Amino acid sequence: MLAIRIHETGGPEKLRADDIPVPLPRGGEVRFTVEAAGVNFIDTYHRSGLYKVELPHTIGSEAAGRVTQVGEGVTGLKVGDRIATARATGAYAQEAVVAAAHAVRVPGGVSAQVAAAVLLQGMTAHYLACDTYPLKPGDTALIHAGAGGVGLLLIQIAKQRGARVITTVGSDGKVGLAREAGADAVCVYTRENFADAARAFTGGRGVDVAYDAVGKDTFDGTLNSLRPRGMFVSFGNASGPVPPFAPLVLSQKGSLFFTRPTLTHYTLTTDELQARASDLFAWVAAGKLKVRVGATFPLSAAADAHRALEGRGTTGKVLLVP
Ligand code: NDP
């Protein structure tokens, strides 16, 4: 089968289309056909070497499709079941395996493409807005990269919870999308000072919470956007990782809280995973959460998908369709 692998870390050109044997599920795992694979920023970190993986490595962790083989000891899933996962081994391939405990069933009304588009980024937006800083009516939130995959979903969930949202986008073409998702204010942070905009948005006080996955480039501005005792949620590195900093900075900027969460620790149990996924699928079915698939690429064009994502040329979700 076709699989997109890296044999060494580096740029998108390191992604190779290899012909490899179909993976076999071990105990507790299932094998499934990949009808759509999600492209996520974390895939670029694995490829570049920012996050370490064993080589050779088939890229990708998010996919949706049908179960084709069930490993020993699996009781909850059978051949033919429609599943999605954010934790597959080697999702950029025609078939992949995943621990049954990390798979969710896809409801009838949700297509494989929508499932692969919403699961990882949607569960991320879900835990950020509902648990890391549980937004409540009247809270103010700064959300960076509001037209991106996580961004569009996080804005919508924040608005559902009654927050007021200011978001940032890298270009004028993305402003409308962020507005459609419900943002109350949009700042084009490539030319405007977003910390000033966040202050103006809150009458000078600063926002209650800032969700920042841009990382290096926005760190200082995000610190300056928060109210005293506000929360800095640093959850990604789109522009590069945040460099080491002294805890004293948090005191100087207003006794701030700083957290660096990741999805794995917010889907620690099967119950937690299922609860987040079922909220998402219910919101999608009810039309409360719109999923934008901004671009689809064939599996063999995975390198182009990475170039587009890293080049800030995408909006919403990017999918690979084998
Ligand atoms: P996006 O679709 O949001 O793409 C990233 C966006 O970041 C770009 O479109 C761009 O938007 C913005 N950006 C700002 N500066 C740069 C830069 N120098 N290079 C590239 N992009 C830049 O991606 P995802 O939704 O997949 O992921 C968003 C972030 O969330 C990533 O950092 C990812 O690692 C993180 N994440 C974290 C998770 C967690 O649990 N911790 C889980 C899932 C994602 P613009 O042009 O508008 O600035």
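All figures in this text were calculated on a predicted structure; none of them were measured in a lab. For this chain, numbers begin at 1 and follow the sequence in order. Just so you know, ligand 1 is whichever comes first in the structure, and atom 1 is the first atom listed for that ligand.
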Mind checking whether A213 has an N or O less than 3.5 Å away from an N or O of ligand 1? yes
Are any of the N or O atoms of L263 closer than 3.5 Å to those of ligand 1?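 By distance alone, the answer is yes.
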I'd like to check which ligand 1 atoms, numbered from 1 as shown, lie under 4.0 Å from a non-hydrogen atom of [X].
| X | answer |
| --- | --- |
| V150 | 25 (O), 44 (C) |
| V214 | 14 (C), 15 (N) |
| Q121 | 24 (P), 25 (O), 26 (O) |
| F41 | 4 (O), 5 (C), 20 (C), 23 (O), 26 (O), 27 (O), 31 (C), 33 (C), 34 (O) |
| Y45 | 31 (C), 32 (O), 33 (C), 34 (O) |
| G170 | 45 (P), 46 (O), 47 (O), 48 (O) |
| E310 | 19 (N), 20 (C) |
| V169 | 47 (O) |

Do [X] and [Y] have a side chain donor and acceptor closer than 3.5 Å?
| X | Y | answer |
| --- | --- | --- |
| H144 | T222 | yes |
| Y266 | T132 | yes |
| N237 | Y51 | yes |
| E62 | T85 | no |
| T315 | R292 | yes |
| R16 | H7 | yes |
| T140 | D208 | yes |

Specify the protein heavy atom at minimum distance from [atom]: its residue, its atom name, and the distance to 0.1 Å.
| atom | result |
| --- | --- |
| atom 39 (C) of ligand 1 | Y127 OH, 3.3 Å |
| atom 17 (C) of ligand 1 | A238 O, 3.6 Å |
| atom 37 (C) of ligand 1 | F235 O, 2.8 Å |
| atom 42 (C) of ligand 1 | T124 OG1, 3.2 Å |
| atom 1 (P) of ligand 1 | G149 N, 3.7 Å |
| atom 11 (O) of ligand 1 | K174 NZ, 3.5 Å |
| atom 13 (N) of ligand 1 | R312 NE, 3.7 Å |
| atom 3 (O) of ligand 1 | G148 CA, 3.5 Å |

Min heavy-atom dist [X] to ligand 1 below 4.0 Å:
| X | value |
| --- | --- |
| R260 | yes |
| P261 | yes |
| Y189 | yes |

Please determine whether ring-ring contact (aromatic ring centres under 6.0 Å, His included) holds for the pair Y133 and Y211, giving the CA-CA distance in whole Å, both sets of side-chain angles, and the decisive distance to 0.1 Å. CA-CA 9 Å; Y133 183 100; Y211 298 105; 7.2 Å; no
If you count every heavy atom of other residues, nucleotides or ligands that lies below 6.0 Å from E72 atom CD, does the total exceed 12?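 Atom CD in E72 is not packed in, count stays at 12 or less.
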Passes side chain to side chain donor-acceptor pair (under 3.5 Å), S234 versus D212? Steps please. CA-CA 5 Å; S234 172; D212 184 343; over 6 Å; no
Kindly say whether L268 contributes a backbone atom to a donor-acceptor pair with the side chain of E272 at under 3.5 angstrom?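 Yes: the side chain of E272 pairs with the backbone of L268.
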Between L120 and ligand 1, which residue portion shows a heavy-atom distance shorter than 4.0 Å: side chain, backbone, both, or neither?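 Contact part for L120 vs ligand 1: side chain (C-beta onward).
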Please confirm whether the ring centroid of H306 lies under 6.0 Å from the ring centroid of Y92.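 Here the rings of Y92 and H306 have centres that are less than 6.0 Å from each other.
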Looking at F235, does the NZ or CZ of R260 lie under 6.0 angstrom from its six-membered ring centre and within 45 degrees of the ring axis?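 No, R260 and F235 do not form such a contact.
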